[in-house]
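For reference, the structure discussed in these notes is given below.
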Amino acid sequence: MPPTHRYTGLIDKYRDYLPIHDDTRIISLGEGNTPLIRLNNIPKLLKKDINVYVKYEGLNPTCSFKDRGMTMAITKAVEEGSRAVICASTGNTSASAAAYASRAGITAFVIIPDGKIALGKLAQAMMHGCVVMQIEGNFDAGMSLVKEVADHAPVTIVNSINPYRLQGQKTAAFEIIEELGKAPDYHCLPLGNAGNISAYWMGYSEFNQIGVVNQRPKMCAYQASGSAPFLRGHPVANPETIATAIRIGNPQSWDKAWAAQKESQGWFDEFSDDEILRSQKLLAEKEGIFCEPASAISIAGMMRDVTSGKIPEGSTIVCTLTGHGLKDPDTAIKQSAKPPLKIKAELNDVKAAIERNLKM
Ligand code: F0G
């Protein structure tokens, strides 16, 4: 059999739309090309005629959307001769930076908030052998340190203030347009440091500008109530939320996110930790899709806005699921309604358990 087309990552696929030279050495782990899954059961529960898709970014190589930006940031850092990269992170950026730096053969330094990082993300950073610096402070403190230290040490910043990150991340919008044959009417996503909303808006706008589509979605971005600077209108000093990925009080892409919201005529909204966890569980139980708590806020937002009619029936909606549920096993297990049944290793006991628990 002749070899079929082998997918080699998003830089290779979208090189015409990215700042890449023909001879650039690409650092890739096959990121991108993630599934756009149509939801079946949640729209039925809502009793609304809507087309909802989730962009399951948890299926990237390190299980979050960060890989889209990191393949670009590390590729360009290596091209420019950098031997080391640094980032502050609530977890996913550090996991991704660690993996891509390993792949490139350079050193990654990651600054993470003490005790406020999901276990899976810490495991990834440690496993890839980067230098993990756990600070007595939150993400925002880490971000300030990173910006300061980059002026004094030979390290390239790979947070989303690095413009190549957004270039890579914009490709998610390209993939959605290619699969739907149009831009969605609404795009729902979590909002933390605000890189992703800025990147999606850039991607949708570029394809609109060159005439691939003639419409852009309304951008609907959601924050955790304890960590909602965009809802308050100013930075928040001590952000708190169970969705540790978006526990950010001083977002770096502040102006870009406001521009995306205004130009798209979209909106920002906020959700309690309980609402976030309930939507995470609902998606897992009703659709078979496991995302991390921060990602589930896009489902919470879509449901609220569809129910209220703010998103009208007939709409096509895409929700980004930014990270995989296995990133944060502790939170998943703690909120699970059904702990494992403890039964004897005997046929009758197993049969009885099946009869008691069959779904009608
Ligand atoms: N969802 C997940 C799972 C994230 O990890 C992040 C950000 C966001 C949403 C928010 O995206 O910052 O572009 O608005 N995580 C960063 C990190 C801050 O360090 O991993 P954003």
Side-chain angles (χ1 to χ4, degrees), residues 34 54-60 62-70 73 86-99 108 110-113 116-118 120-122 124-125 132 135 138-143 146 157-162 165-166 168-170 172 187-203 219-224 227-230 239 241-254 256-258 260-261 268 271 276 280 290-301 319-328 331:
T34 55
V54 294
K55 183 71 171 156
Y56 196 9
E57 292 288 278
L59 294 190
N60 274 296
T62 76
C63 307
S64 86
F65 73 98
K66 303 288 180 181
D67 296 340
R68 288 184 186 275
M70 206 54 72
I86 190 165
C87 65
S89 181
T90 56
N92 281 325
T93 301
S94 60
S96 189
V110 307
I111 297 187
I112 56 172
K116 295 285 184 180
I117 161 166
K121 304 173 188 179
L122 183 60
Q124 288 177 293
V132 181
I135 56 164
N138 60 22
F139 170 85
D140 303 304
M143 199 61 240
V146 162
I157 299 177
V158 291
N159 280 104
S160 54
I161 55 172
N162 176 328
R165 280 277 312 276
L166 301 196
Q169 284 173 217
K170 76 182 180 186
H187 190 116
C188 303
L189 79 172
L191 180 56
N193 207 25
N196 214 24
I197 185 175
S198 310
Y200 269 103
W201 189 238
M202 192 195 296
M219 300 301 293
C220 312
Y222 309 105
Q223 300 214 281
S227 184
F230 284 98
T241 168
I242 187 112
T244 51
I246 50 172
R247 188 171 165 269
I248 295 170
N250 188 16
Q252 297 299 306
S253 296
W254 180 259
K256 287 196 183 80
W258 279 112
Q261 180 263 323
F268 299 141
F271 289 85
I276 292 170
Q280 184 195 19
F290 190 17
C291 68
E292 67 171 281
S295 312
I297 206 167
S298 58
I299 301 296
C319 300
T320 302
L321 301 179
T322 45
H324 200 286
L326 287 173
K327 290 273 190 177
D328 192 351
T331 306

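Counting convention: from 1, in listed order, for ligands and their atoms alike.
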(Q) Taking 4.0 angstrom as the limit and counting only heavy atoms of I246, give me the atoms of ligand 1 inside it, by number and element. (A) 8 (C), 9 (C), 10 (C)
Q) Taking only heavy atoms of S89, which atoms of ligand 1 are found under 4.0 Å from at least one of them? A) 17 (C), 19 (O), 20 (O)
Q) ligand 1 and S295, any nitrogen or oxygen pair closer than 3.5 angstrom? A) no
Q. Taking the six-membered ring for Trp, are W258 and F268 parallel (under 30°), tilted (30 to 60°) or perpendicular (over 60°)?
A. perpendicular
Q. Taking only heavy atoms of E292, which atoms of ligand 1 are found under 4.0 Å from at least one of them?
A. 3 (C)
Q) How long is the gap from CD1 on I248 to CG on N193, to the nearest 0.5 Å? A) 4.5 Å
Q) What distance do I297 atom CD1 and L321 atom CG have between them, rounded to the nearest 0.5 Å? A) 12.5 Å
**Q.** Minimum-distance protein heavy atom relative to atom 9 (C) of ligand 1
**A.** T322 OG1, 3.6 Å
Q: Starting from the C-alpha separation in whole Å, work towards a yes-or-no answer on side chain to side chain contact (heavy atoms under 4.5 Å, CB included) for R165 and M70.
A: CA-CA 6 Å; R165 280 277 312 276; M70 206 54 72; 4.2 Å; yes
Q) What atoms in ligand 1 come closer than 4.0 Å to a heavy atom of I248? A) 18 (C)
Q) Would you say ligand 1 has an N or O under 3.5 Å from any N or O of F139? A) no
Q | Nearest protein heavy atom with distance in Å, relative to atom 11 (O) of ligand 1 | A | F65 CZ, 3.5 Å
Q) Which of the atoms in ligand 1, numbered in the order shown and given with their element, are less than 4.0 Å from a heavy-atom of G195? A) 13 (O), 14 (O), 21 (P)
Q) Using the ring of each side chain (for Trp, its six-membered ring), is F271 parallel, tilted or perpendicular to Y222, with breaks at 30° and 60°? A) perpendicular
Q. When rounded to the nearest 0.5 angstrom, what distance separates OG1 in T244 from CG in N92?
A. 8.5 Å
Q) For ligand 1, which atoms, with element, lie under 4.0 Å from some heavy atom of T90? A) 15 (N), 16 (C), 17 (C), 18 (C), 19 (O), 20 (O)
Q | Protein heavy-atom partner closest to atom 13 (O) of ligand 1 - residue, atom, separation in Å | A | N196 N, 2.7 Å
Q: Give a yes/no verdict on whether any heavy atom in A194 is under 4.0 Å from an atom of ligand 1.
A: yes
Q) What residue and atom, counting heavy atoms only, is the protein's closest point to atom 12 (O) of ligand 1, and at what distance? A) N193 N, 2.7 Å
Q: Look only at the side chain of S96 and the backbone of T93, and say whether a donor-acceptor pair between them is shorter than 3.5 Å.
A: no
Q) Which ligand 1 atoms does N92 reach within 4.0 Å, using its non-hydrogen atoms? A) 2 (C), 3 (C), 4 (C), 5 (O), 20 (O)
Q) Would K55 and T34 count as having a side-chain donor-acceptor pair, cut-off 3.5 Å? A) yes
Q) Counting heavy atoms only, which part of A245 comes closer than 4.0 Å to ligand 1: side chain, backbone, both or neither? A) both
Q) Does the T320 side chain pair with the main chain of T322, one donor and one acceptor, at a distance under 3.5 Å? A) no
Q: Please name all residues satisfying side chain to side chain contact (heavy atoms under 4.5 Å, CB included) with I161, sequence neighbours left out, ordered by chain then number.
A: M143, K147, I157, N159, Q252
Q) How far is atom 15 (N) of ligand 1 from its nearest protein heavy atom, and which residue and atom is that? A) K66 NZ, 2.9 Å
Q: Could you check I299 against C319 for side chain to side chain contact (heavy atoms under 4.5 Å, CB included), going step by step and ending with a plain yes or no?
A: CA-CA 7 Å; I299 301 296; C319 300; 4.1 Å; yes
Q: Using a strict 4.0 Å cut-off to heavy atoms of T93, name the atoms of ligand 1 that fall inside it.
A: 16 (C), 17 (C), 19 (O), 20 (O)
